[in-house]
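A quick write-up on the structure given underneath.
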Number of protein chains: 2
Amino acid sequence: MAVTIKQVAAAAGVSRGTVDRVLHNRGGVKPDVEKHIRKTADKMGYFPNRAGKILAGRKQPLTIGYVLPSIGNLFFEDVKTGIHTAEREMKDFGVNITIKEVRGFDVKDHIGAINAMMEENPSALCISSIDLPEIRKCVNKIVKKGTPVVAINNDLSNTKRLCYVGSDYIVSGRTAAGLMLLCRSRKKENVLIATGSLNVKGHNERIQGFNEVFRERNVQYHLEDLFETQDDNEIAYFKAKKMLESHPDVDWVYITAAGVQGVCRAIEERTQGKEIRVICFDTNQYVRDYVERGIIDYVICQEPKEQGYQSVKKLFDYFVDGAKGHVDDYITKAVIKINENMNFT
Amino acid sequence: MAVTIKQVAAAAGVSRGTVDRVLHNRGGVKPDVEKHIRKTADKMGYFPNRAGKILAGRKQPLTIGYVLPSIGNLFFEDVKTGIHTAEREMKDFGVNITIKEVRGFDVKDHIGAINAMMEENPSALCISSIDLPEIRKCVNKIVKKGTPVVAINNDLSNTKRLCYVGSDYIVSGRTAAGLMLLCRSRKKENVLIATGSLNVKGHNERIQGFNEVFRERNVQYHLEDLFETQDDNEIAYFKAKKMLESHPDVDWVYITAAGVQGVCRAIEERTQGKEIRVICFDTNQYVRDYVERGIIDYVICQEPKEQGYQSVKKLFDYFVDGAKGHVDDYITKAVIKINENMNFT
DNA sequence: GTGAAAGCGCTAACAC
DNA sequence: GTGTTAGCGCTTTCAC
């Protein structure tokens with residue numbers, strides 16, 4: 001049986017209250033007594049019991065405020081599912097969650113939503129935003145004031161955020177290249193790249209990782225063209241349509257972000273040209289449908305549910321275990337989905 | 001704030017003890033009082049608080065006994081890692097774990113280990129064994145005596161086991177076929193199948209799923225030959241060597257079970273013949289090395305760590321939430337690994 | 001500065 | 001049959 005605070009107190013010849021004061025650095029204890037208590041606690045291998053902590057801590061529940069650009073973005077449905085699974089599991093442990101949803105990636109909207117969230121005085125913040133100076137500044141201010149912030153799905157570089165929970169975009173880009181090369185056509189493939197925005201780091205990293213692998217393997221592909229979908233299916237559709245008309249020799253379409261349905265619609269409507277292979281990222285009902293119909297060959301996913309779940313868990317552990325020190329990032333896997341393993345979890 | 005047992009007692013005009021008796025069907029309560037209590041509890045939306053339960057339940061910790069055929073089987077290293085992660089997380093909630101390790105799949109050895117485990121009177125059992133009548137009988141007996149049993153990695157059909165935590169072997173076999181077909185060579189591929197044993201259900205299902213996909217898609221492959229590795233690398237090596245000599249036209253080697261290193265060694269040592277593609281299951285340090293060197297193209301994994309972790313969690317939840325009713329299986333994903341996404345979680 | 005005590009929600013032993 | 005009470009291990013308040 002593990003050693004309790006009571007046993008430490010008894011062994012040190014003081015009361016539980018005093019031990020607690022020392023262990024939580026709450027001061028008001030004579031230095032020599034403190035040293036003595038610390039020593040005996042260490043010697044006995046004392047480690048606070050989480051069940052006890054949680055129960056006692058129920059008086060001040062842990063509220064986590066989320067800000068997500070999830071309106072009109074199916075990707076975040078799974079993230080939210082993960083968040084709510086965690087909420088259900090940890091509700092009895094004092095975890096409460098509020099989500100503020102935003103449409104798109106307008107900096108002002110994001111800052112507005114974050115500030116609105118902060119009005120509610122959450123114990124912690126968890127956001128998926130854009131890696132720009134304004135947001136970074138905003139986040140750093142919040143952290144400085146004492147509210148820990150977790151970055152989910154999109155990291156915020158050089159901020160004091162507690163940790164990042166999300167995918168490694170370079171690795172997912174590399175994986176796309178790997179899949180393509182494993183098809184071993186042995187000819188120079190004509191690739192059309194549909195990216196979300198050249199201003200979004202993650203999208204660029206997916207291209208960077210992709211190129212890295214070709215370079216490392218000394219294989220070349222021919223870049224037919226590259227266009228931005230702005231994560232919008234309509235824009236994606238019209239641009240892709242034009243692109244495919246002017247580039248009849250495309251072998252592969254590599255879609256690094258949203259707008260997948262738009263691109264696929266354009267591919268499906270084509271009346272001539274070679275057979276086209278498609279690699280994209282992240283599933284939803286429409287993407288799954290295109291995979292089933294053989295339009296999309298590979299989808300590289302990033303465990304969205306896990307991102308939601310783990311972001312809650314990270315914060316819960318952080319608070320329960322005493323909000324001390326460094327917290328590791330949680331990097332989700334690059335999960336390859338094809339028709340055969342897509343619908344069976 | 002959630003409603004507590006105290007509030008229910010007050011509302012029903014009885015003591016907490018009585019409410020507890022009713023809620024746990026421990027009898028000794030007048031029928032009409034019981035009905036009244038149940039009704040008020042329902043009306044108030046009472047749900048027992050897990051934190052309170054866990055703390056109170058610490059007096060009788062939950063001990064889970066594992067029996068795993070893990071000696072000399074690298075696959076189970078990750079399973080054990082997952083088990084120990086869960087143990088660490090839930091130790092403070094009263095979870096204790098003991099593992100008995102066995103070498104191989106001898107029925108008598110397994111029964112012996114299970115009985116030895118039962119000697120220690122665990123609160124629950126978790127085993128990875130063979131789906132044979134003797135084992136099934138043994139498990140059913142244990143369940144009947146009141147100890148819940150979870151089947152991990154290998155299901156035990158038609159037993160009263162609480163649930164199964166592991167992969168869907170059909171789906172993983174289908175995934176192998178899907179990957180092969182995505183390479184679209186457009187010719188009839190010559191396939192050599194290296195299976196573990198024709199007596200092991202999971203191995204057969206991986207072949208069955210593989211064949212299903214070809215049939216459904218109206219594509220044929222040519223089965224060059226099929227041999228059993230007995231999950232042994234030496235046997236695998238010698239048999240594969242011979243097979244490859246007598247079948248110089250093999251395009252793909254499909255390895256459904258262990259013995260991967262043996263087969264790969266034979267492939268690597270070949271001095272003539274066409275380039276061979278390899279699909280296998282489950283990683284370990286040696287398999288990863290073969291992937292890096294380009295001998296193995298695809299590895300289909302089954303989240304072994306998750307299997308370990310979730311098996312503990314299933315039992316923990318079952319006990320905390322009152323050991324009532326049905327528990328869902330936990331089916332792990334068929335995770336495709338290639339060189340580029342293998343080493344990054 | 002330090003000790004004592006109440007209470008988080010639940011279970012189980014003991015009274016009546 | 002039913003109520004009371006003593007913990008589980010911890011935090012926090014209040015008293016000295």
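Proteins come first, then strands; the chains are lettered A, B, ... in the order of their sequence lines, and each starts at number 1.
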**Prompt:** At what angle, to 10 degrees, do the two end axes of the helix from C:dG1-D:dC16 to C:dC16-D:dG1 meet, given five pairs define each axis?
**Reply:** 60°
**Complete:** Rounded to whole Å, the CG-P distance (A:Leu55 to D:dG7) equals 17 Å
**Message:** My understanding is that only residues two or more places apart in sequence, or in another chain, count here; which of them pass side-chain hydrogen bond (donor to acceptor under 3.5 Å, both in side chains) with A:Tyr46?
**Reply:** none
**Item:** Residues that A:Asn284 engages under side chain to side chain contact (heavy atoms under 4.5 Å, CB included), provided they are two or more places apart
**Value:** A:Leu74, A:Gln261, A:Tyr286, A:Val287
**Request:** List in chain and number order the residues that pass side-chain hydrogen bond (donor to acceptor under 3.5 Å, both in side chains) with A:Asp131, two or more places apart in sequence or in another chain; answer none if no residue qualifies.
**Result:** A:Arg136, A:Ser157
**Message:** Here's a test for you: under side chain to side chain donor-acceptor pair (under 3.5 Å), which of B:Asp168, B:Thr332, B:Asn153 qualifies with B:Gln302?
**Reply:** B:Asn153
Pairs under 3.5 angstrom only: tabulate donor-acceptor contacts from the side chains of residues 7-19 of chain B to other protein residues two or more places apart or in another chain.
from, atom 1, to, atom 2, distance (Å)
B:Gln7, OE1, B:Thr4, N, 3.1
B:Ser15, OG, B:Gly17, N, 3.4
B:Ser15, OG, B:Thr18, N, 3.4
B:Ser15, OG, B:Thr18, OG1, 3.2

**Asked** Where does the chain B footprint on DNA chain C start and end, counting 5' to 3' with a 4.0 Å heavy-atom cut-off?
**Response** C:dC8 to C:dA12
**Qualifying residues under side chain to side chain contact (heavy atoms under 4.5 Å, CB included), relative to B:Ala56, sequence neighbours excluded** = none
**Item:** Residues within residues 87-94 of chain A bordering DNA chain C, heavy-atom distance below 4.0 Å
**Value:** none
**Asked** Sequence neighbours excluded, which residues qualify as side chain to side chain contact (heavy atoms under 4.5 Å, CB included) partners of B:Ser129?
**Response** B:His110, B:Ile127, B:Ile135
**Prompt:** Is A:Asp20 touching bases, backbone alone, or none of the nucleic acid, heavy atoms closer than 4.0 Å?
**Reply:** base
**Item:** Contacts of A:Arg103 that satisfy side chain to side chain contact (heavy atoms under 4.5 Å, CB included) - sequence neighbours left out
**Value:** A:Ile71
**Of residues 21-40 of chain B, the positions that come close to DNA chain D - non-hydrogen atoms, cut-off under 4.0 Å** = B:Arg21, B:Gly28, B:Val29, B:Lys30, B:Val33
**With B:Asp20 via salt bridge (Lys or Arg N to Asp or Glu O under 4.0 Å) - residues at least two apart** = B:Arg26
